[in-house]
Enquirer: 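Below you will find the structure I want to go over with you.
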Amino acid sequence: MDTISVAAARRAEAVGRTVRLCGWVRTRRDSKGGFSFIELNDGSCQGNVQVVAAGELPNYEDVVKKLKVGASVAVEGEVKASPAKGQATEVHATKVDLLGDADAETYPLQKKGHTYEFLRTIAHLRPRTNTFGGIARLRHQVSMSVHQFFDERGFFYIHTPIITASDCEGGGELFRVTTIDPDKPPKKDGRTDYTQDFFGKPAYLTVSGQLQVEAFACSLGKVYTFGPTFRAENSNTPRHLAEFWMIEPEVAFADLSDNMNLAEAFLKRIVGDALAKCDEDLKFFAERVDKGLFDRLNAITAQPFLRVSYTEAVDILTKAGKTWEFPVAWGSDLQSEHERFLTEQHFKQPVILYDYPRTLKPFYMRVNDDGKTVRAMDVLVPGVGEIIGGSQREDRLDVLETRMKEQGLHPEGYSWYADLRRYGTVPHAGFGLGLERTLLFLTGMANIRDVIPFPRTPGNAEY
RNA sequence: UCCCCUGUAGCUCAGCGGUAGAGCAGCCGGCUGUUAACCGGCGGGUCGAAGGUUCGAAUCCUUCCGGGGGAGCCA
């Protein structure tokens with residue numbers, strides 16, 4: 001007898017097969033006719049399979065009629081076409097084994113809906129719900145799409161380090177990595193002596209693999225990194241995590257226009273794959289979470305992204321006739337309200353903003369000929385705002401070093417990075433995409449803590 | 001980190017100076033294939049914590065802790 005998944009058992013092709021199924025009870029309904037319906041889910045898909053358990057089963061009264069939500073069972077039986085509405089198939093059980101009971105008095109999940117806030121307090125059990133099972137499957141699909149997209153285009157997957165001594169952006173809050181005993185640190189001249197630390201100097205969790213992946217772009221041509229990144233910012237918002245996953249491609253011999261083309265194709269591929277392969281889960285999110293989900297996703301694949309320069313965007317915003325909480329002026333950064341207005345109200349579609357003032361962007365972005373702007377780009381999408389940030393990199397050694405000093409960085413700390421310009425420098429470009437922000441966009445979920453298995457945020461590192 | 005809102009039964013909430021309530025879940029019973037099944041009954045809470053005001057505090061005040069929304073920063 002084959003053991004098959006719930007997903008397989010729900011397909012019409014399974015009718016006639018005698019199979020074994022294992023999963024968790026979502027609900028049990030006892031019929032007036034002296035038998036029971038068990039909704040079984042094993043996480044393989046959004047839907048449940050309906051198991052019909054006859055009153056004649058030897059353990060019907062003792063076990064079947066006492067099955068609780070959350071109990072794990074193994075079922076053997078024949079898959080048949082369902083005579084009733086609601087499902088294509090059902091399994092007529094010849095055997096129902098209870099694997100693990102779930103005490104109904106204490107099991108926190110009910111048949112009814114729960115708030116996301118409550119489910120966050122039981123993060124180890126929430127993947128058993130429709131919503132979080134669907135998010136996990138979508139997260140998997142997006143990850144696979146990332147690798148397939150780049151592999152098909154000849155990119156190499158580079159494993160950049162998690163522990164690093166360089167601080168990519170020159171600012172930002174970092175998590176320190178140390179083996180020094182915090183209660184009795186070694187001292188030198190009154191300060192902690194990091195020469196005695198594990199790495200012989202201060203080390204941190206990475207905030208980005210960009211600098212290291214650039215080294216591989218400048219040798220293998222087309223590369224990407226995809227891994228966890230860490231920010232110790234004390235930001236409590238529905239869009240920030242202390243630990244999140246980021247995808248960062250980097251391409252040699254590419255300029256900002258190539259970079260925009262890549263970013264657009266990449267987003268279209270991810271959304272297109274999700275639409276094609278996660279239809280059942282997306283329908284669930286469209287029904288329960290975000291009514292406008294399919295319109296929003298289809299808008300990604302349907303048309304080219306608009307490309308608007310920062311200067312044009314500032315012009316649009318100043319002429320919009322709106323009162324902004326933060327004033328709009330050339331040279332100041334665009335705020336959330338401005339980005340959301342552009343993509344959600346003015347253009348009503350994804351838009352790529354580019355050529356930002358040099359004072360607003362990090363040292364590694366290539367300075368344009370006007371001297372005032374850099375070849376930066378941000379991809380804005382309705383519902384989320386900024387989802388991708390990237391740039392063409394500064395490939396001229398002298399300009400790079402000038403920009404480092406401009407931003408108060410010590411070029412000595414980046415000598416290996418400067419070497420990429422010192423020896424055989426090439427134009428190159430890349431971007432970063434936050435996996436969780438992509439999932440917010442794909443599912444319509446409102447809080448980033450609900451699209452990662454175990455969220456890490458200020459004051460919260462449970463599980 | 002700042003501003004606003006909020007914390008009452010396992011869950012979702014009502015009560016907002018006079019001594020604790022509903023729906024759902026749970027338990028028991030009923031019901032000729034059910035679809036968040038339905039119908040009847042029962043049990044369940046030191047009202048986030050600590051102080052304070054008051055004859056009396058879930059209710060008013062203070063502080064702290066948790067949660068949510070917005071902002072900053074960003075992905």
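A note on names: the letters A, B, ... follow the listed sequences, proteins ahead of strands, and every chain is numbered from 1.
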Enquirer: If the condition is salt bridge (Lys or Arg N to Asp or Glu O under 4.0 Å), which residues does A:Glu462 pass it with, not counting sequence neighbours?
Expert: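 Scan of A:Glu462 (salt bridge (Lys or Arg N to Asp or Glu O under 4.0 Å), adjacent residues dropped) gives none.
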Enquirer: Classify the nucleic acid contact of A:His114 as base, sugar-phosphate or nothing, counting any heavy atom under 4.0 Å across all strands shown.
Expert: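 Sugar-phosphate contact only.
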Enquirer: Base, sugar-phosphate or nothing for A:Arg449? Non-hydrogen atoms, less than 4.0 Å.
Expert: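 It contacts sugar-phosphate atoms only.
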Enquirer: I need the residues from residues 62-83 of chain A with at least one non-hydrogen atom less than 4.0 Å from RNA chain B; give them sorted by number, or say none.
Expert: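 Contacts with RNA chain B under 4.0 Å: A:Lys68, A:Ser82, A:Pro83.
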Enquirer: Taking any heavy-atom pair under 4.0 Å as a contact, classify A:Asn447: base, sugar-phosphate, or nothing.
Expert: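 Sugar-phosphate contact only.
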Enquirer: Distance between the C1' atoms of B:C16 and B:C74, in whole angstroms?
Expert: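 Those two atoms are separated by 41 Å.
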Enquirer: Going by purine N1 to pyrimidine N3 plus the second Watson-Crick contact, or the G-U wobble pair, all under 3.5 Å, which nucleotide sits opposite B:C2?
Expert: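 Paired with B:G70.
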Enquirer: Expressed as a whole number of Å, how far does the P atom of B:C65 sit from that of B:A49?
Expert: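 Their P atoms lie roughly 16 Å apart.
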Enquirer: Is A:Ser235 touching bases, backbone alone, or none of the nucleic acid, heavy atoms closer than 4.0 Å?
Expert: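 If one applies the 4.0 Å heavy-atom cut-off, A:Ser235 turns out to touch a base.
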Enquirer: Let's test your reading of the model: under 3.5 Å, does the base of B:U34 pair with the side chain of A:Gln87 as donor and acceptor?
Expert: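 Between B:U34 and A:Gln87, which were checked side chain against base, a qualifying N/O pair under 3.5 Å is present.
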Enquirer: Give me the one residue out of A:His240, A:Arg139, A:Arg239 that meets side chain to side chain donor-acceptor pair (under 3.5 Å) with A:Glu436.
Expert: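 For A:Glu436, the side chain to side chain donor-acceptor pair (under 3.5 Å) check succeeds only for A:Arg139.
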Enquirer: Is it true that A:Asp290 and A:Arg296 have a side-chain N and a carboxylate O under 4.0 angstrom from each other?
Expert: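 Judged by the 4.0 Å cut-off on N to carboxylate O distance, A:Asp290 and A:Arg296 do form a salt bridge.
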Enquirer: Under 4.0 Å, heavy atoms only, any strand: does A:Phe37 hit a base, just the sugar-phosphate, or nothing?
Expert: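 Touches a base.
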Enquirer: Could you check A:Pro458 against A:Glu386 and say which one's nearest nucleotide on RNA chain B is further toward the 5' end?
Expert: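 Its nucleotide being nearer the 5' end, the pick is A:Pro458.
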Enquirer: Would you indicate what A:Thr115 reaches in the nucleic acid, counting non-hydrogen atoms under 4.0 angstrom: base, sugar-phosphate, or nothing?
Expert: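 If one applies the 4.0 Å heavy-atom cut-off, A:Thr115 turns out to touch the sugar-phosphate alone, with no base involved.
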Enquirer: Quick check: any donor-acceptor pair below 3.5 Å linking the side-chain of A:Arg29 to the base of B:C38?
Expert: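 By the distance-only test, no, there is no pair.
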